[in-house]
Amino acid sequence: MAKPGLLAMVVTALALVVAALALVVAMVAKHARAEADDPGKVDAWFNGLSHADRKTTRLHFYFHDTLSGRNPTAVRVAEATMTDKSPTGFGVVNMIDDPLTEGPEPESPLVGRAQGIYGSVGLESVALHMNMNLVFTTPEYNGSTLSILGHNPALETYREMPIVGGTGIFRLASGVVTAKTSFLNLTTGDAVVEYKVIALHY
């Protein structure tokens, strides 16, 4: 049987480990979650900006846009009456909730979702107008978003679109995302696109 003094030491050590773990979880949660649910915290954050340094964050992930199958992540919500006669699909609008993953494979770990809309705006060439939020779910950026609004000439090798804002860790974000198609099925329209992000934020 353990001595009372030894038992007390073991209990104290376990209590310290639990307290340390709780502190780590609280710190991670504080930095990983957006605080948009508390206007007072947001106001205090803005008041501290005069002393804040701007940061640069670089991200790399893959965007999976699936229009086919039983569980599409992009669905057509509008189209012009002339769409069937247009070689570029001019007038088609899709709503998306596309997974963002670490690698190009569908089973690769999820880092977030691309939620928003894109529409075909080119009469003579394939060009998309992108209006979407990159909603992050990884522990480091969980609950934070980057907003993309721009021109996407989808058949070009590299495309560049502006970051026009963000929330959570990415409040007041600006910067650019570059896109490069990794996979495209010309029959279904399904695509996997490599995204690289350079975001400036506080």
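The model shown is predicted, which means the values in this text are computed figures rather than measured ones.
- Val197 and Ile148 fall within the same hydrophobic cluster, defined by Ile, Leu, Val, Met, Phe, Trp and Tyr side-chain heavy atoms under 4.5 Å apart, directly or through other members.
- A distance-only check finds no donor-acceptor pair linking the side chain of Ser108 to the backbone of Thr101 [under 3.5 Å].
- Shortest non-hydrogen contact noted between Met161 and Gly150 is CG-C, 4.5 Å.
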>> What verdict does the side-chain contact (heavy atoms from CB on, under 4.5 Å) test give for Asn131 and Ile117, after you've listed the backbone C-alpha separation in whole Å, the side-chain angles of each residue and the deciding distance to 0.1 Å?
In response: CA-CA 5 Å; Asn131 183 353; Ile117 60 172; 4.1 Å; yes
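- The two atoms that bring Tyr118 and Met130 nearest to each other are CB-SD, 3.5 Å, heavy atoms only.
- Considering OH of Tyr202 and CH2 of Trp45, their distance stands at 8.0 Å, rounded to 0.5 Å.
- By the 30° and 60° cut-offs, the orientation of the rings of Phe61 relative to Tyr195 is parallel.
- Summarising the geometry of Pro99 relative to Arg113, their closest heavy-atom pair is CB-NH1, 3.8 Å, with the distance given to 0.1 Å.
- Between His64 and Pro104, the closest heavy-atom pair is CE1-O, 3.0 Å.
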>> Assess the residue pair Arg159 and Val177 against the criterion (side-chain contact (heavy atoms from CB on, under 4.5 Å)); give the C-alpha distance rounded to whole Å, side-chain angles, the decisive distance to 0.1 Å, and a yes or no.
In response: CA-CA 8 Å; Arg159 291 88 73 190; Val177 299; over 6 Å; no
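- Atoms NE2 and OG, from His201 and Ser174 in turn, are 10.0 Å apart once rounded to the nearest 0.5 Å.
- Residue Leu146 is grouped with residue Leu128 when hydrophobic side chains (ILVMFWY) are merged at heavy-atom distances under 4.5 angstrom, including chains of intermediate members.
- Separating the OG1 atom in Thr57 from the CD atom in Glu140 is a distance of 7.5 Å, to the nearest 0.5 Å.
- When atom types are taken as modelled, the side chain of Ser125 and the backbone of Pro153 share no donor-acceptor pair closer than 3.5 angstrom.
- A donor-acceptor pair is defined here as one N or O able to donate and one able to accept, closer than 3.5 Å; such a pair exists between the side chain of Thr167 and the backbone of Thr145.
- With a 4.5 Å cut-off on side-chain heavy atoms, Phe63 and Ile96 count as touching.
- The backbone N or O of Thr66 lies less than 3.5 Å from a partner atom in the side chain of Thr73, making a donor-acceptor pair.
- When the shell of 6.0 Å around CD of Glu124 is examined, it contains 12 or fewer heavy atoms from other residues, nucleotides or ligands.
- Other residues, nucleotides and ligands contribute over 12 non-hydrogen atoms within 6.0 Å of the CZ atom of Arg54.
- If you run side chain to side chain donor-acceptor pair (under 3.5 Å) between Gln115 and each of Asp97, Asn133, Asp98, only Asp97 comes through.
- Under a hydrophobic-cluster definition in which Ile, Leu, Val, Met, Phe, Trp and Tyr are linked whenever side-chain heavy atoms come within less than 4.5 Å, directly or via other members, Phe183 and Tyr62 are assigned to the same cluster.
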>> If you apply the rule side-chain contact (heavy atoms from CB on, under 4.5 Å), what do you find for Leu49 with Leu172, and how did you get there?
In response: CA-CA 11 Å; Leu49 278 183; Leu172 299 182; 3.5 Å; yes
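- Placement of Met95 and Val92 in two distinct hydrophobic clusters is found when ILVMFWY residues are connected by side-chain heavy-atom separations under 4.5 Å, directly or transitively.
- Interatomic distance, CD1 of Ile198 versus CZ of Arg58, reported as 5.0 Å (0.5 Å rounding).
- Closest heavy-atom contact between Leu110 and Leu100: CD1-O, 3.4 Å.
- Atom-to-atom distance recorded for Leu155:CG and Thr181:OG1 is 7.5 Å, nearest 0.5 angstrom.
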>> Applying side-chain contact (heavy atoms from CB on, under 4.5 Å) to Asp65 and Val193, what does each step give before you reach the verdict?
In response: CA-CA 8 Å; Asp65 194 50; Val193 182; 6.0 Å; no
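- Of all heavy-atom pairs spanning Glu194 and His60, the tightest one is OE2-NE2, 2.6 Å.
- Between the CD1 atom in Ile163 and the CG atom in Leu134 there is a gap of 7.5 Å [rounded to 0.5 Å].
- By the 4.5 Å heavy-atom criterion applied to side chains, Leu67 and Thr188 are not counted as neighbours.
- Using a distance-only test at 3.5 Å, with no hydrogens or angles considered, a donor-acceptor pair links the side chain of Ser120 to the main chain of Gly89.
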